[in-house]
Amino acid sequence: MKAAILHKPKQISEKPLTLDDVQRPQAASGQVLLRVKACGVCRTDLHIVEGELPPQRSPVIPGHQIVGEIVDGATPDLPLGLRVGVSWLGGVDGTCPLCRRGMENLCDAPTFTGYTVDGGYAQYATARADFVFPLPTALEDIQAAPLLCAGIIGFRSIRVAGVQPGERVGLYGFGASAHLAIAVLHAWNCEVYVVTRGESHRKLAESLGATWVGTETQKPPVEIDRAITFAPRGDVVVAALASLRKGGVVAINAIHLDRIPQFDYDKLLWGERQLRSVANMTRQDARDFLQLAADIKLKPKITLFPLAQANEALAAVKNDAIDGAAVIVP
């Protein structure tokens with residue numbers, strides 16, 4: 001099969017992914033083999049390819065927003081031909097203290113798709129059968145792909161922030177995840193305030209019905225109840241705190257973040273304001289969000305790339321050169 005493979009992390013400008021012919025994987029016990037129909041491109045893939053996340057497997061096939069059709073390893077619940085999705089969390093041990101507490105997203109021995117095991121920048125991929133999700137028929141292949149991480153983790157961020165229907169919510173950064181989260185927030189009748197540096201991203205936020213849209217140097221005109229930061233920059237976290245009401249929550253949706261600048265505790269955090277990080281997702285998050293996405297007819301804005309242009313897809317994500325989400329088709 002064809003696969004885009006990372007042999008050594010490098011800056012994306014050096015095109016670290018090579019398109020290679022490799023042996024098609026075999027489904028082991030408890031796994032399914034998928035014919036990949038689409039794979040979303042995530043900023044976490046960029047962190048892996050550029051080495052901001054330390055290598056865990058070399059070489060590795062990135063990609064963790066996989067839409068695929070089961071071609072081997074079928075079970076009564078997962079028959080041949082069934083279309084399923086695979087996300088970032090590819091497995092947990094099920095026995096660690098956090099798993100036993102129902103916090104599998106914080107498992108001490110997790111498997112991460114496209115990082116600790118091969119992912120979906122390929123024509124075929126394997127996945128643990130208990131970590132794939134049958135996809136609602138209302139979701140088309142390329143539309144479903146970015147929902148499988150960008151969508152699910154945005155949904156989990158909304159939960160971690162404690163958003164209640166009708167609240168004022170700030171979104172800091174407006175890429176793949178935020179442009180899906182806004183649809184959920186609108187379904188909950190929330191007012192959405194967007195702060196983002198890219199002009200095209202601001203136009204997209206306006207077109208998707210944001211209450212207010214501003215640049216990275218601007219502040220929402222009202223105090224917000226909750227904020228979610230998507231940009232991997234510490235100064236954005238401080239900006240979100242500066243607009244938060246007392247008792248509000250900032251949820252940081254980033255697996256990697258640069259240094260948070262020093263800030264004034266008395267003005268920005270005191271008053272029972274909270275900072276919370278968002279780590280991975282649970283299978284229940286995935287099931288709940290995918291059904292909600294189908295119910296509200298969520299349609300991501302998509303830019304398609306062939307497998308041979310995986311480097312270009314990641315470069316576009318890094319450079320904010322596309323609005324919405326990038327999706328690779330093999």
Side-chain angles (χ1 to χ4, degrees), residues 9 12 40-54 56 62-65 87-89 103 105-107 110 112-116 146-163 169-182 184-185 192-198 201 205 216 224 226-244 248-263 268-269 273-282 285-286 289 314 316-320 322 324-326:
I12 195 61
V41 179
C42 179
R43 189 168 289 272
T44 299
D45 299 335
L46 183 65
H47 295 320
I48 292 167
V49 167
E50 294 197 320
E52 290 175 315
L53 294 178
Q56 300 293 315
H64 59 269
Q65 301 184 95
S87 191
W88 169 246
L89 189 64
M103 303 167 71
N105 60 306
L106 302 179
C107 175
F112 294 127
T113 310
Y115 184 39
T116 64
L147 304 183
L148 291 164
C149 180
I152 297 168
I153 201 67
F155 180 64
R156 181 164 184 86
S157 299
I158 291 170
R159 285 181 159 174
V160 169
V163 174
V169 181
L171 302 180
Y172 287 75
F174 204 75
S177 189
H179 102 284
L180 299 171
I182 194 173
V184 176
L185 294 169
V192 183
Y193 298 79
V194 173
V195 177
T196 190
R197 65 182 179 181
H201 290 186
E216 59 186 331
I224 53 180
R226 320 282 171 177
I228 302 168
T229 67
F230 296 91
R233 294 165 34 213
D235 59 332
V236 172
V237 175
V238 177
L241 275 174
S243 294
L244 197 66
V249 178
V250 173
I252 304 171
N253 181 356
I255 194 171
H256 168 77
L257 191 71
D258 65 14
R259 184 176 181 275
I260 298 178
Q262 181 177 343
F263 61 88
L268 297 185
L269 195 57
R273 298 175 177 89
Q274 297 180 51
L275 278 176
R276 298 192 65 187
S277 67
V278 181
N280 311 318
M281 39 70 79
T282 68
D285 290 328
F289 172 71
L314 285 167
V317 170
K318 181 174 183 176
N319 297 322
D320 292 330
I322 59 171

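Not measured: the values here are computed from a predicted model.
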Just so I know, are the side chains of [X] and [Y] near enough to count as touching, which here means a heavy-atom distance under 4.5 Å?
{"X": "N280", "Y": "P110", "result": "no"}
{"X": "T44", "Y": "L53", "result": "yes"}
{"X": "V49", "Y": "P62", "result": "yes"}
{"X": "I153", "Y": "F155", "result": "no"}
{"X": "D258", "Y": "P232", "result": "no"}
{"X": "M281", "Y": "R159", "result": "no"}
{"X": "I252", "Y": "R276", "result": "no"}
{"X": "T229", "Y": "V250", "result": "yes"}

Q: Please lay out, stage by stage, how V237 and Y172 fare under the test side chain to side chain contact (heavy atoms under 4.5 Å, CB included).
A: CA-CA 8 Å; V237 175; Y172 287 75; over 6 Å; no

Any donor-acceptor pair under 3.5 Å from [X] side chain to [Y] backbone:
{"X": "Q65", "Y": "C149", "value": "yes"}
{"X": "N105", "Y": "T282", "value": "no"}
{"X": "T113", "Y": "S87", "value": "yes"}

Q: Give the ring-plane orientation class for W88 versus Y115, where under 30° counts as parallel, over 60° as perpendicular and anything between as tilted.
A: parallel

Q: Report the distance from atom CD1 of I255 to atom SG of C42, rounding to the nearest 0.5 Å.
A: 8.0 Å

Q: State the CG-CZ distance between L268 and F263, to the nearest 0.5 angstrom.
A: 6.5 Å

Q. Going through the checks in order, is the side chain to side chain contact (heavy atoms under 4.5 Å, CB included) test met by V249 and R273?
A. CA-CA 6 Å; V249 178; R273 298 175 177 89; over 6 Å; no

Q | Candidate pair I158 and V184, rule side chain to side chain contact (heavy atoms under 4.5 Å, CB included), full reasoning | A | CA-CA 9 Å; I158 291 170; V184 176; 3.9 Å; yes

Q | Any donor-acceptor N or O pair under 3.5 Å, side chains H64, D45 | A | yes

Q. Between D285 and R156, is there a salt bridge with N-O shorter than 4.0 Å?
A. yes

Q | Presence of salt bridge, E50 and R43, under 4.0 angstrom | A | no

Q | Working for side chain to side chain contact (heavy atoms under 4.5 Å, CB included), residues V195 and L171 | A | CA-CA 6 Å; V195 177; L171 302 180; over 6 Å; no

